[in-house]
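Everything quoted here is computed from the prediction, not taken from an experiment. Residue numbering restarts at 1 for every chain, and letters A, B, ... go by the order of the sequence lines.
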Amino acid sequence: MRIVSGSRPTMTVRTRFAPSPTGYLHIGGARTALFSWLYARKHGGQFILRIEDTDLERSTEESVNAILEGMTWLGLEYDEGPFYQTKRFDRYAVIIEQLIDTGHAYKCYCSKERLEKLREEQMANKEKPRYDGHCRDGATPPSADAPYVIRFRNPQEGEVVVDDLIRGRVVFQNTELDDLIIARTDGTPTYNLTVVVDDADMDITHVIRGDDHLNNTPRQINILRALGATPPSYSHVPMILGADGKRLSKRHGAVSVMQYREEGYLPEALLNYLARLGWSHGDQEIFSIDEMIELFDVKDVNKSASSFNPDKLLWLSQHYIKESDPQHVARHLSYHLGRLNIDPAPAPELSDVVKAQRERAKTLVEMAANSTFFYQDFEHYDDKAAQKNLTAATRPALAQLRERFTALPDWLPEVIHQAVIDTAEALGEKLGKVAQPLRVAMSGGTVSPPIDVTVHLIGRERTLARLDKALAYIDSTVSA
RNA sequence: GCUCCCUUCGUCUAGUGGCCUAGGACGCUGGCCUCUCACGCCGGUAACAGGGGUUCGAAUCCCCUAGGGAGCGCCA
């Protein structure tokens, strides 16, 4: 017998993301979710969110919330769900009963001790550890109330062919598969059963998931067939490695999606990065969400694992900060300013600050940190900056700037710019000799947007006050 | 150990027998621009894991080797 998985072209595409709530939404899961979401969107189908919480020991509500929060931040909205498997136990029980009735499943009374011993022996004999079918052909209960699990009676002959959309044709011999447990001693169903029942019940047409599930696929197809259901199409996406080529873990830095928000990334930057990790469309690097939906195809996903490259993400981050609508960036930036206890409500307009800063920040965290002086007076000058720029030699320039600024008819960048140039010319100095001291007086340090833009944004009143402060500072250090 | 999967610059990748003395991007790097920091622009660096075939011709097809990974749970 040959069992082949295939797609059902006549049905509308329905994909799902099915995380188990045992932690936050991580990068790998987010990419799988993204691919599933893109595929559904591209084909005008539905994307379903299903929480696989059958492991009562490890599943937590906090994890569920963290996953939901991550999905929301990324903008991966689902059309149905979230469905919780723990709320479907009755349904699984019916299916398990059905499998027993049709002879596709049986009660197994083997003790954990026996199984453990069996496994050890097989390992010692260099065999693949697997269930030996002890109870497969009718076991007599050790006692009337003996505990038992339910096992799926896997075919012992033939092969299962998985026509994976990413890996191509993968063939498994049924002789390699053993009779897996589908219901625990306490009656609760296990993963391989619930995933199959749900995918069938929810009419999932395309299963896109991590390739750690590839080896489970033939078992799931066998259960599906026993149920008389048509297997969905499968796509197993390779895993994401850390920058060192090792499995991604906490020590590689951020693995949680929400941590990227904390670190100042725009969701579209992360999405673009994740999309390009394993998937490509020619030489194109930048994809808007709409372009991804239009161009994505699971067939174009690579077969090999890829390493996470923080530098490239940073590049994309800067790209989106630079190219996105300033209002949009401002909304995300205000979150980070809030974390610095800065209220961007008073002047200057935050989107104007974004326009001034967007070419010199790779993340919103960086932009927020470099923008504090627009909203708050700084306490101290940077030592080196002050030593070099706030001196007796630069005092005349600052004094003259104060005079000219006071007299300006309009407070506009062009006019301010001209005033700085005029000051330099009047003193016979190069522009930098005037602009840089002014910059330090305005920002407390040596880095800021173009000086005219900076001064303009700070506003006349505060500009004059900061010039006064700088002049006083010079006087105090010179006389000291 | 067994089964399954993977292998192009440091990294992400293009490439589906001739367009490849292998293209793009990130990074690194030389230069230009410049009021700081940046942005931008121009240039450079660097790869088909190894070995056998098939073919007039192979990064592309086949085989072997090596390396990496996943699975083998009353986890998902």
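At the phosphate of B:G40, OP1 or OP2 sits under 4.0 Å from a side-chain N or O atom of A:K322. For B:A14, one of the phosphate oxygens OP1 or OP2 lies less than 4.0 angstrom from a side-chain nitrogen or oxygen of A:N302. A:T190 has no side-chain polar atom (N or O) that falls below the 4.0 Å cut-off from OP1 or OP2 of B:A76. An OP1 or OP2 oxygen of B:G73 is reached within less than 4.0 angstrom by a side-chain nitrogen or oxygen of A:R119. The side chain of A:S304 places no N or O atom within less than 4.0 Å of a non-bridging phosphate oxygen (OP1 or OP2) of B:G68. Residue A:R247 places at least one side-chain N or O closer than 4.0 Å to OP1 or OP2 of B:A70.
If you check distances only, the side chain of A:T185 does reach the base of B:C74 with a donor-acceptor pair under 3.5 Å. Looking at A:D283, its side chain comes within 3.5 Å of the base of B:G23 through a donor and an acceptor atom. Put simply, the side chain of A:K303 and the base of B:C6 share no donor and acceptor less than 3.5 Å apart. Taking only distance into account, the side chain of A:R167 never meets the base of B:C5 through a donor-acceptor pair shorter than 3.5 Å. Side chain A:Q284 to base B:G24: no donor-acceptor pair is found below 3.5 Å. Side-chain atoms of A:N216 come within donor-acceptor range of the base of B:A76, with a qualifying N/O pair under 3.5 Å.
At the heavy-atom level, A:V149 lies under 4.0 Å from base atoms of the strands shown. No contact: A:H236 has no heavy atom under 4.0 Å from any strand. Here A:E127 lies in heavy-atom contact (under 4.0 Å) with a base. Counting non-hydrogen atoms under 4.0 angstrom, A:Y273 reaches nothing in the nucleic acid. Within the 4.0 angstrom heavy-atom criterion, no nucleotide atom of any strand lies near A:R358.
One interatomic measurement links the two molecules: CD of A:E159 to C1' of B:C4, which rounds to 14 Å at whole-angstrom precision. The nearest whole Å value for the distance from the CD1 atom in A:I321 to the P atom in B:C37 is 20 Å. Going from atom NZ of A:K126 over to atom P of B:U3 covers 14 Å, rounded to whole Å. Put simply, CD on A:Q318 is 12 Å from C1' on B:C37, counting in whole angstrom units. In this entry the distance linking CG of A:L193 with C1' of B:C74 reads 13 Å, nearest Å. Going from atom CD1 of A:I421 over to atom P of B:C35 covers 9 Å, rounded to whole Å.
A salt bridge links A:R50 with A:D199: at least one charged nitrogen is closer than 4.0 Å to a carboxylate oxygen. A:K117 and A:E120 are not joined by a salt bridge, as no carboxylate oxygen comes within less than 4.0 angstrom of a charged side-chain nitrogen. The pair A:D201-A:R88 counts as a salt bridge, with a side-chain nitrogen and a carboxylate oxygen less than 4.0 angstrom apart. The existence of a salt bridge linking A:R114 and A:D132 is confirmed by a sub-4.0 Å separation between a basic side-chain nitrogen and an acidic carboxylate oxygen.
Here B:U60 sits opposite no nucleotide as a Watson-Crick or G-U wobble pair (both hydrogen-bonding atom distances under 3.5 Å). Look at B:A25: its Watson-Crick or wobble partner, with both distances under 3.5 angstrom, is B:U11. Base-pair partner of B:C2: B:G71 (Watson-Crick or G-U wobble, both distances under 3.5 Å).
Nearest nucleotide to the side chain of A:K362, out of B:G27, B:C35, B:A76: B:G27.
Projected onto RNA chain B by closest heavy-atom contact, A:P129 and A:P19 fall at different nucleotides, the more 5' of which corresponds to A:P129. The residue among A:W315 and A:H281 whose nearest nucleotide of RNA chain B lies closer to the 5′ end is A:H281.
Among the candidates A:I95, A:T54, A:T86, the single residue satisfying the side-chain contact (heavy atoms from CB on, under 4.5 Å) test with A:T194 is A:T54. Test A:F287, A:Y273, A:F35 against A:W279 for ring-ring contact (aromatic ring centres under 6.0 Å, His included) and you get one pass: A:F287.
Annotated as syn: B:C39, whose O4'-C1'-N torsion sits within 90° of 0.
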